[in-house]
Amino acid sequence: MSDIPRITIDQCGSHAGETVEIAGWLYNLRKSGKIIFPLIRDGRGIIQCVGLKNSLPEDLFNALKDLTQESSVIVRGKIRAEQRAPGGYELDLESAEIVQRVPESHPYPITPKDHGIEFLMDHRHLWLRSRRQHAILRVRHEIIKAIRDYFDSNGFTLVDTPIFTPAACEGTTTLFEVNYFDEEKVYLTQSGQLYNEATALAFGKTYCFGPTFRAEKSKTRRHLTEFWMVEPEMAYATLEDVKNVAEGLICFVVQRVLENRKNDLTDLERDTGKLESIKPPFPRISYDQAVEILHRKGSQIEWGGDFGGTDETLLSEEFDRPVMVDRYPSQVKAFYFQPDPDRPEVALGVDVLASEGYGEIVGGGQRIHDLALLEKRLEEHNLPREAFDWYLDLRRFGSVPHAGFGMGVERCVAWLCGIEHIRETIAFPRMLYRTRP
RNA sequence: UCCUCAGUAGCUCAAUGGUAGAGCAUUCGGCUGUUAACCGAAGGGUUGUAGGUUCGAGUCCUACCUGAGGAGCCA
């Protein structure tokens, strides 16, 4: 080991004029006879190095001159501000150590040229090394951290819910079945919400944050079979509370991303002006008003039906920030939604549709707190009562009005990054016809 | 499950029913400021699979496989 300090590329600005060591991989190499320009990436950034034939040992110069893409290499040299270099800083090579050389007989498959989506998805484990994927996944990290910070500093306790569950929360058709020691069937969770109601009545305000599984045979840019969802739940709370918390959360997350990940948004060519306008209050409309707007815009939707993807896009086009749509017909909502006391045919539920046509990112509402009504709904939905006995207990012992929602992380990432397809918002996406790598 | 589109070199794509091509990548050579560097040369193919039409099929027809986009459903 040398006594030269090792830095990461994002720290170059504060080390100008110093001799440092950077451990990374060869991103690209440009050469011109007696001068070489290796571009090194280290996961934090990319820096151009400069090597001159007459100032480096001959064998090192030759080894670097013929180095292959994505070979791992540790470089040492002096950092210098340089207008001509991409990134603004350059490293004058003094020495280097090649850790592993990618053989030219089997070169790195992802070249700096265009590739098709199938090829890139097959090489997802390597595709993650590209700049665009770095930017997206850093924004994802920021979003997740912001979500946690928001709830942690607003009186919520993180209480995670199980992934193996014995029964469905919503419909049974979208559950992945798991063979549990050959003894019983369990399912991968499609929502932590039923358990959240138990933890909220125990802790007041809780949230769970984890992967969720839906066996929907959906093959669109908005769907994954495994996705991450954060679900807050609050005791002594109503539909209005859900709307306010969802609005506060979304604004907080957007603000954080704008503050801390501006460079990544720039790399992704995101129009940040559209994100700057995401401030409270969000427009709040009823399902009835939404249907009116859709009819005016030519949709064929009939009252009582759920919105399709095109309907959501049409609606979100009307506003410059997310729009909240509440009081959907009870028939399109899950069994546990509290009916509106003034209009029992609609549910006290709300969906938040992201702007720019990114679709539903939040869904939630007020839950039924009355035992008799909940029992009736279970019956109407043909759900096995014994599986929900513990859930009914929550209405027997200190039942209170309570409410919560779920927010899909990947749709948020896609929206804030302004990218077309949700598959790039998670390191290893699971989709209808893709479970590898 | 349904609808639409696409499979040609390692990658991205061309090729009127008539000799299967280019750029990048790889190899060799050249170049002291390159910016997806550039210049010259070389190697690289059972055109997704199986049938069919035709003197002749990458191209037309049928079936299947694989992938992509969308619908329904959803965050």
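Both backbone and side-chain heavy atoms feed into the values below; hydrogens, waters and symmetry mates do not. Each chain gets a letter, A, B and so on, in the order its sequence line appears, and its residues count up from 1.
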Quiz prompt | B/G67 pyrimidine/purine six-ring stacking with A/Tyr433, under 5.5 Å and 30° | solution = no
Would you kindly give the [atom1]-to-[atom2] distance between [X] and [N], to the nearest whole Å?
X        : N     : atom1 : atom2 : result
A/Leu67  : B/U34 : CG    : P     : 22 Å
A/Glu360 : B/G72 : CD    : P     : 14 Å
A/Ile46  : B/A36 : CD1   : C1'   : 12 Å
A/Leu29  : B/A36 : CG    : C1'   : 13 Å
A/Gln69  : B/U27 : CD    : P     : 12 Å
A/Arg423 : B/G67 : CZ    : P     : 13 Å
A/Ile117 : B/U12 : CD1   : P     : 11 Å
A/Met431 : B/G67 : CE    : P     : 10 Å

Is there a side-chain contact between [X] and the phosphate of [N], meaning an N or O under 4.0 Å from OP1 or OP2?
X        : N     : result
A/Lys34  : B/U32 : yes
A/His106 : B/G10 : no
A/Lys219 : B/A68 : yes
A/Arg131 : B/A36 : no

What about [X], does its side chain sit under 3.5 Å from the base of [N] through a donor-acceptor pair?
X        : N     : result
A/Arg411 : B/C74 : yes
A/Glu118 : B/U66 : no
A/Ser218 : B/C73 : yes

How would you label the contact of [X] with the nucleic acid (heavy atoms, under 4.0 Å): base, sugar-phosphate, or nothing?
X        : result
A/Val362 : sugar-phosphate
A/His115 : sugar-phosphate
A/Lys53  : nothing
A/Tyr108 : nothing
A/Glu90  : base
A/Asp351 : nothing
A/His123 : nothing
A/Phe37  : base
A/Ile36  : nothing
A/Pro109 : nothing

Using purine N1 to pyrimidine N3 plus N6-O4 or O6-N4 for Watson-Crick, or N1-O2 and O6-N3 for G-U wobble, both under 3.5 Å, which nucleotide pairs with [N]?
N     : value
B/U19 : none
B/C38 : B/G30
B/C60 : B/G52
B/U1  : B/A71
B/C24 : B/G10

Proximal nucleotide (of [options]) relative to the [X] side chain:
X        : options             : answer
A/Lys113 : B/G23, B/C74, B/G33 : B/G23
A/Ile35  : B/U32, B/G23, B/A75 : B/U32
A/Gln48  : B/U34, B/A68, B/A75 : B/U34
A/Arg84  : B/U32, B/G33, B/U12 : B/G33
A/Thr220 : B/A36, B/A75, B/A71 : B/A71
A/Arg214 : B/U1, B/A25, B/C74  : B/C74
A/Arg434 : B/U34, B/C24, B/A68 : B/A68

Exercise. Check the angle between the aromatic planes of A/Phe119 and A/His115 and answer parallel, tilted or perpendicular using the 30° and 60° thresholds.
Key: parallel
Quiz item: Using the ring of each side chain (for Trp, its six-membered ring), is A/Tyr328 parallel, tilted or perpendicular to A/Tyr287, with breaks at 30° and 60°?
Solution: tilted
Quiz item: Is the shortest heavy-atom distance from the side chain of A/Ile47 to the side chain of A/Glu90 under 4.5 Å?
Solution: no
Self-check item: Of A/Lys262, A/Arg261, A/Arg148, the residue whose pairing with A/Glu142 passes salt bridge (charged side-chain N to carboxylate O under 4.0 Å, His left out)
Solution: A/Arg261
Quiz item: Using the benzene-type ring in the case of Trp, are the ring centres of A/Phe209 and A/Phe156 under 6.0 Å apart?
Solution: no
Can you check the distance between [N] and [M], where both ends of the measurement are the [atom1] atom (answer in whole Å)?
N     : M     : atom1 : answer
B/U66 : B/C61 : P     : 22 Å
B/U16 : B/G72 : C1'   : 42 Å
B/G48 : B/A9  : C1'   : 15 Å
B/A22 : B/G44 : C1'   : 14 Å
B/U8  : B/G58 : P     : 14 Å
B/U59 : B/U46 : P     : 16 Å
B/A6  : B/C74 : P     : 32 Å
B/C11 : B/U49 : P     : 15 Å

Exercise. Go through A/Tyr150 and A/Tyr207 one step at a time and tell me if the ring-ring contact (aromatic ring centres under 6.0 Å, His included) criterion holds.
Key: CA-CA 11 Å; A/Tyr150 180 82; A/Tyr207 71 103; 9.7 Å; no
Exercise. Would you mind telling me which residue lines up with the more 5' stretch of RNA chain B, A/Pro107 or A/Thr310, judged by nearest nucleotide?
Key: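 Going by which nucleotide is closer to the 5' end, it is A/Pro107.
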Self-check item: First encountered from the 5' end of RNA chain B, between A/Thr225 and A/Glu420
Solution: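 The residue whose closest nucleotide sits nearer the 5' end is A/Glu420.
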Self-check item: Short side-chain donor-acceptor distance under 3.5 Å, A/Asp42 and A/Thr8
Solution: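 Not at all, the side chains of A/Thr8 and A/Asp42 share no donor-acceptor pair under 3.5 Å.
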Exercise. Let me know which of A/Leu175, A/Val178, A/Ile163 forms a side-chain contact (heavy atoms from CB on, under 4.5 Å) with A/Tyr187.
Key: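 Among A/Leu175, A/Val178, A/Ile163, the one that satisfies the side-chain contact (heavy atoms from CB on, under 4.5 Å) with A/Tyr187 is A/Leu175.
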Quiz item: If you round to the nearest 0.5 Å, how far is CZ of A/Arg411 from NE2 of A/His223?
Solution: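 The NE2 atom of A/His223 sits 5.0 Å away from the CZ atom of A/Arg411.
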Quiz item: Hey, what do you get for CD1 (A/Ile40) to CG (A/Asn28), rounding to the nearest 0.5 Å?
Solution: 10.5 Å
